[in-house]
Novice: 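Submitted below is the structure of interest, expressed as structure tokens.
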Amino acid sequence: MEKDASLKKPAGKPGLPASYLPASVEPALCDRWEKDKLYYYDPSRPRNDTFVVDTPPPTVSGELHIGHVFSYVQTDIITRYQRMLGKNVFYPMGWDDNGLPTERRVQNLFGVRCSPALPYIPGFKPAGGKAGLRDYEQVSRRNFLELCSLQTLEDEKKYEALWRRLGLSVDWRQNYSTVGEYCRKTSQLSFLDLHQKGYMYSTEAPTLWDTTFKTAVAQAEAEDREVSGFFHDIKFGVEDGGEFTISTTRPELLAACVAVVAHPEDSRYKPLFGKRAVTPLFKARVPIMPSEHANPEKGTGIMMICTFGDIADVELWRKEKLPLRQIIGRDGKLSPVDFACGPFDSADPAAANAAYAQLAGLYAKQARAKTGKLLSEAGVLAGEPKPTRQAVKFYEKGELPLEFVSSRQWFINVLDNKPQLLEQGGKAAWHPGYMFKRYEQWVKGLNQDWCISRQRYFGVPFPVWYPVKDNGDTDFSKPIISEAERLPVDPQTDCPPGYTEARRGLPGGFVGDPDVMDTWATSSLTPMISSRWADDKARHAGLFPADLRPQAHEIIRTWAFYTIAKAWMHENSIPWHNVAISGWVVSPDKGKMSKSKGKTVSPEALLGLYSADALRYWAGKAKLGQDTVYDESVFKVGMRLATKLFNAAKFTMLQLSGPAAGARLGAADITEPLDKAWVDHLKALVETSREDFGNYDYAAVLLYVEKAFWDFCDTYLELVKNRAYSGKPQAARSACASLEWTLSVFLRLFAPFLPFITEEAWGWSCTAALKAPSVHKAPWPSAAEMSSAAGDQRVLEVTRKVLEAVRTHKAAEKRSVKWPVAKLTVECGHLQAAALKLSLDDLIAAGNVDRAGLSVQETGADDKDPVVVVELGSA
RNA sequence: GGGUGGUUAGCUCAGCGGUAGAGCGCUGUCCUCACACGACAGAUGUCACAGGUUCAAAUCCUGUACCACCCACCA
């Protein structure tokens with residue numbers, strides 16, 4: 001790779017480095033930007049001048065991967081553009097260290113478990129090492145939180161270093177951690193406000209329940225997975241004689257059967273409506289009812305309703321006010337029940353209890369097999385179970401199917417507010433626009449309120465206590481809500497107003513709410529967390545709503561939706577004006593990179609192999625919303641572009657160091673027609689870039705800026721370099737003025753994408769001209785900077801074409817580019833000829849043409865390419 | 001079953017009514033005051049398929065197939 005040193009000529013202006021070494025240049029610039037406080041937000045400037053980013057707080061669970069690099073760089077590109085428009089940019093970073101991933105990580109690293117009832121031990125240090133699975137040390141919630149902070153601090157340092165190294169223009173003073181005291185306070189304050197406004201309620205209700213983690217989960221956290229199962233055809237009796245067969249994949253729920261339904265128009269079962277069916281094994285008498293939900297085409301057309309097989313069961317159970325026969329416990333096992341009393345019914349309680357005794361204590365899956373056996377033995381199983389594939393709901397982080405379990409949970413009422421939430425979502429501008437459809441579809445399809453309580457230990461506790469009645473029962477109807485001033489509180493260790501700690505858990509005393517909030521309950525507040533809604537109203541007013549929410553598409557239904565809901569409920573506002581949805585990085589076989597292969601390619605390694613600018617180039621090439629295949633060859637292209645920029649900038653500086661060196665050049669100096677045409681061409685480009693960036697289409701800008709830049713190097717720079725360096729004074733000044741502006745324009749246009757090389761080159765030259773010590777604070781280029789320079793594009797076009805023809809001829813003759821041209825004849829239209837005559841000197845120099853052998857003839861047509869005849873000279 | 005996006009050169013993608021484009025890769029040539037991590041030139045395509053609208057369709061409309069994702073289905 002290393003080129004032959006003997007071929008390398010010493011070149012360039014003295015003082016400028018000979019070759020570009022991003023590995024040393026980039027980190028040095030990171031340090032300088034920090035020292036210069038380049039990305040600091042200025043709270044004294046008005047909201048109108050401010051651009052506020054609601055940065056996604058990455059989950060702190062170990063490693064950032066290439067997918068993170070991709071999307072965060074895209075946000076940074078947008079942000080850097082806004083800064084160059086003169087905006088006071090508010091670009092914070094948060095750490096999402098409040099979730100299950102952190103909890104598990106800390107448990108394993110320190111060998112501890114959180115046990116909220118334990119008292120806090122100041123200065124606690126874990127016994128150390130990784131404990132065996134069974135002997136975790138129990139620690140208080142506060143101690144657990146401290147350990148989390150300890151660990152996440154390490155991770156966060158690593159994350160921050162990577163973000164800085166990538167050139168993210170974050171103001172690192174605006175930093176938050178979702179597990180930190182301030183975020184806990186904000187989350188609890190949000191609870192108080194929503195409770196007061198009536199959006200927050202608690203109720204005992206069937207809820208999606210994960211039996212592995214033993215917690216409720218929200219609809220948004222559930223996902224479908226295809227699993228194999230078996231249809232069991234089970235014969236049911238009818239109370240006054242007769243029988244029918246239902247087909248089910250969940251025979252273990254037979255004991256939880258509360259009704260049987262068939263379609264109202266199904267003639268096979270119409271006569272049965274109003275009668276009672278008798279379940280096999282348990283002899284429970286359940287009503288046979290008509291329901292639209294039953295599909296006559298499916299199975300046998302008649303189905304059992306259990307508490308609870310799925311959401312349809314829940315709905316029917318509610319509508320018909322059926323009894324609750326909960327047999328699946330919170331641990332996923334069948335709980336003991338008694339058919340002789342309570343909600344359970346049986347015509348033969350002794351037999352029912354005997355049958356059930358063989359199932360109690362088994363996990364649902366075991367019970368399924370066992371029930372099949374029992375049914376078979378009882379002779380009520382019609383035929384062998386038939387295999388089938390079915391979609392079953394799982395918690396996205398879990399491995400066992402979700403169950404519906406009735407339990408007391410806190411909910412936020414979203415179902416009653418769908419129209420308003422749809423309207424709010426529509427007020428934000430979505431980029432790309434079609435992503436709004438996903439939001440719309442999700443909101444329309446919601447069928448459960450947002451369950452925000454989790455039966456976990458690690459997380460933000462509810463600032464709530466309950467009185468304990470004299471009989472020892474908890475009185476959930478009279479929650480004691482904390483005062484706002486006390487937040488954050490932990491009801492497991494803090495005491496409610498009017499009570500003393502001694503009364504905890506006693507009749508006539510109180511208990512703390514044992515649950516913690518879903519992490520989304522906190523992260524849905526990110527724009528209000530960074531604006532300091534909870535403790536600084538003036539600052540909040542200056543930063544809320546934000547301008548931009550960048551995020552990925554798979555969390556539209558969670559993060560975007562919840563944030564929109566909370567902003568509306570709290571502030572009657574949208575949370576942000578724009579949503580930019582980034583795509584995914586996919587591996588060449590189209591799998592999701594961030595979940596598989598991507599983790600093996602660490603961003604740090606790639607930075608070492610290529611450069612930050614190279615990685616950023618790759619991210620900048622991808623449009624918002626569009627998945628991108630991981631392709632290292634694009635890094636190489638980015639690398640090459642940065643090197644080319646380095647060399648072109650250096651070379652341009654060399655031209656400027658000729659006779660016109662030091663002169664203050666401006667639009668008035670641009671007198672040559674070719675220069676005017678070039679500048680005009682750039683002016684159009686610059687204006688288009690504003691429009692595209694305004695539409696968040698940065699990828700389009702990079703595409704044509706890159707193209708224009710290579711064209712500049714290959715054509716315009718080649719044409720004018722001789723004149724600039726050694727031409728007649730006025731002509732040289734014209735070229736230099738144009739080159740100086742051109743360089744400053746390209747450095748600025750590339751700055752959001754390639755912040756390092758552009759800053760480096762900017763430092764060589766452009767400081768004085770634009771009075772901006774950093775390209776990243778320089779104004780985005782505008783046509784107005786060169787308003788007086790306007791020229792005929794034809795000059796540039798016809799000159800380019802003739803030069804191309806000369807080069808093609810030399811290539812065909814296997815001659816070098818500088819080989820002399822003895823005779824050059826150009827036939828073209830008279831407008832083209834007139835234009836060409838204005839740039840002949842440049843053409844002669846660039847093509848090494850003998851002036852005496854040059855002739856331009858007006859014999860062609862202006863709408864056709866000129867006909868060029870080349871005769872080479874001898875060396 | 002509903003929705004969204006995609007299908008263009010070997011690969012990765014741009015173009016989204018007016019003669020098919022770029023980069024990578026490939027072939028050949030060339031060291032020009034920067035850059036060989038360069039320059040110049042060249043080969044490479046029924047723009048998924050079928051209909052329709054239009055003077056004109058890769059581009060607009062309808063349908064089909066395939067890929068990806070989101071949602072629903074869960075007896």
Side-chain angles (χ1 to χ4, degrees), chain A residues 1 3-4 7-9 11-13 16 18-20 223-224 226-227 229 231-232 246-250 253 260-262 293-295 298-306 309-313 388-393 401 432 434-438 440-442 444-445 447 553-554 556-557 583-584 586 588 590-592 621-623 625-631 633-634 636-637 639-655 658 699-700 703-704 706-707 710 713-714 717-718 721-722 725-726 804 806-819 846 848:
Chain A
M1 282 300 269
K3 68 179 178 181
D4 187 348
L7 290 175
K8 194 169 184 176
K9 296 175 205 159
K13 187 179 168 184
L16 292 187
S19 58
Y20 183 46
E223 63 182 27
D224 287 355
E226 183 141 301
V227 298
F231 276 118
H232 294 70
I246 64 120
S247 195
T248 179
T249 54
R250 298 204 62 185
L253 290 178
V260 166
V261 299
H293 176 62
N295 179 353
K298 228 170 165 183
T300 56
I302 189 159
M303 60 192 286
M304 61 176 186
I305 299 297
C306 307
D310 61 28
I311 185 78
D313 286 351
T388 177
R389 299 291 294 170
Q390 55 176 167
V392 173
K393 282 216 183 302
Y434 58 74
M435 287 295 178
F436 176 59
K437 290 260 179 186
R438 293 206 183 190
E440 214 174 10
Q441 227 207 330
W442 173 254
K444 284 180 178 166
N447 55 30
H553 46 70
E554 82 276 18
I556 289 175
R557 63 176 178 165
W584 283 343
V586 295
K590 309 282 178 193
K592 192 183 173 187
K621 285 291 257 193
K623 292 191 289 196
Q626 192 143 84
D627 294 352
T628 289
V629 174
Y630 176 79
D631 180 1
S633 71
V634 182
K636 290 184 189 153
V637 177
M639 192 81 171
R640 194 142 49 209
L641 174 60
T643 307
K644 186 77 174 176
L645 256 168
F646 172 90
N647 284 306
K650 196 172 65 167
F651 187 58
T652 304
M653 294 304 301
L654 178 69
Q655 307 314 313
L703 196 72
Y704 55 67
E706 189 185 4
K707 188 168 182 282
W710 288 94
C713 294
D714 299 339
L717 188 52
E718 290 295 324
K721 63 186 185 185
N722 298 287
Y725 197 62
S726 54
E804 267 168 18
V806 169
R807 284 169 171 170
T808 305
H809 189 81
K810 287 179 179 175
E813 297 291 316
K814 304 188 180 184
R815 297 301 188 191
S816 77
V817 184
K818 68 168 182 189
W819 196 270
N848 195 14

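In what follows, chains carry the letters A, B, and so on, assigned in the order in which the sequence lines appear, proteins first and then strands, with residues in each chain numbered from 1.
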Novice: Using the C1' atom in both, what is the distance from B/G1 to B/U46, to the nearest Å?
Specialist: 35 Å
Novice: Looking across every strand, which nucleic acid part, if any, lies under 4.0 Å from A/Cys306 by heavy atom: base, sugar-phosphate, or nothing?
Specialist: nothing
Novice: Could you check B/U46 for me: syn (within 90° of 0) or anti?
Specialist: syn
Novice: Take atom OH of A/Tyr20 and atom P of B/A36, then tell me their distance rounded to the nearest Å.
Specialist: 16 Å
Novice: Pick base, sugar-phosphate or nothing for A/Leu703, based on heavy-atom distances below 4.0 Å to the nucleic acid.
Specialist: sugar-phosphate
Novice: Write down the distance between CG (A/Asn295) and C1' (B/G1), rounded to a whole number of angstrom.
Specialist: 12 Å
Novice: Considering only B/A39, B/C70, B/C73, which nucleotide approaches the side chain of A/Trp584 most closely?
Specialist: B/C70
Novice: Taking atom C1' in both B/A50 and B/C55, what distance in whole Å separates the two?
Specialist: 23 Å
Novice: Which whole number of Å gives the distance between the C1' atom of B/U12 and that of B/G45?
Specialist: 16 Å
Novice: Just call it for A/Val392: base, sugar-phosphate, or nothing, with non-hydrogen atoms closer than 4.0 Å on any strand.
Specialist: base
Novice: What stems involve RNA chain B, if each pair must be Watson-Crick or G-U and both of its distances must be under 3.5 Å, with 3 or more such pairs in a row?
Specialist: B:1-7 with B:65-71, B:10-13 with B:21-24, B:26-30 with B:38-42, B:48-52 with B:60-64
Novice: Sticking with atom P, work out how far B/U4 lies from B/C47, rounded to a whole angstrom.
Specialist: 27 Å
Novice: Return yes if the base of B/C73 and the side-chain atoms of A/Asp224 contain a donor-acceptor N/O pair under 3.5 Å, otherwise no.
Specialist: yes
Novice: Check every atom of B/C70, B/C24, B/C73 against the side chain of A/Gln441 and return the nucleotide holding the closest atom.
Specialist: B/C70
Novice: Base, sugar-phosphate, or nothing for A/Lys444, non-hydrogen atoms under 4.0 angstrom?
Specialist: nothing
Novice: Assign A/Ala312 to base, sugar-phosphate, or nothing according to its heavy-atom contacts below 4.0 angstrom with the strands shown.
Specialist: nothing
Novice: 5'-most contact on RNA chain B: A/Gly445 or A/Tyr434, nearest heavy atom basis?
Specialist: A/Tyr434
Novice: Could you tell me whether A/Gln390 contacts a base, only the sugar-phosphate backbone, or nothing, with contacts defined as non-hydrogen atoms closer than 4.0 Å?
Specialist: sugar-phosphate
Novice: Over all strands shown, is A/Asp714 touching base, sugar-phosphate only, or nothing at heavy-atom distances under 4.0 angstrom?
Specialist: sugar-phosphate
Novice: Can you tell me, in whole Å, how much space there is between the C1' of B/C66 and that of B/C24?
Specialist: 26 Å
Novice: With hydrogens left out and only the distance checked, is there a donor-acceptor pair under 3.5 Å joining A/Thr643's side chain and the base of B/C37?
Specialist: yes
Novice: So, does A/Gln626 get its side chain near the phosphate of B/A14, meaning an N or O under 4.0 Å from OP1 or OP2?
Specialist: yes
Novice: Please confirm whether the shortest side-chain N or O distance from A/Lys623 to OP1 or OP2 of B/A14 is below 4.0 Å.
Specialist: yes
Novice: Say you pick atom P in B/A58 and the same atom in B/U53; how far apart are they, in whole Å?
Specialist: 16 Å
Novice: At less than 3.5 Å, do the side-chain atoms of A/Asn647 and the base atoms of B/C37 form a donor-acceptor pair?
Specialist: no
Novice: Does A/Tyr725 reach a base, just sugar-phosphate, or nothing at all? Heavy atoms under 4.0 Å.
Specialist: base
Novice: Between A/Lys818 and B/U32, is there a side-chain N or O to OP1/OP2 distance below 4.0 Å?
Specialist: yes
Novice: If we take the P atom in both B/G21 and B/U29, what is their distance in whole Å?
Specialist: 27 Å
Novice: Once rounded to the nearest 0.5 Å, what's the spacing between atom OH of A/Tyr20 and atom CE of A/Met639?
Specialist: 8.5 Å
Novice: Between the side-chain atoms of A/Lys644 and the base atoms of B/C35, is any donor-acceptor pair under 3.5 Å?
Specialist: yes
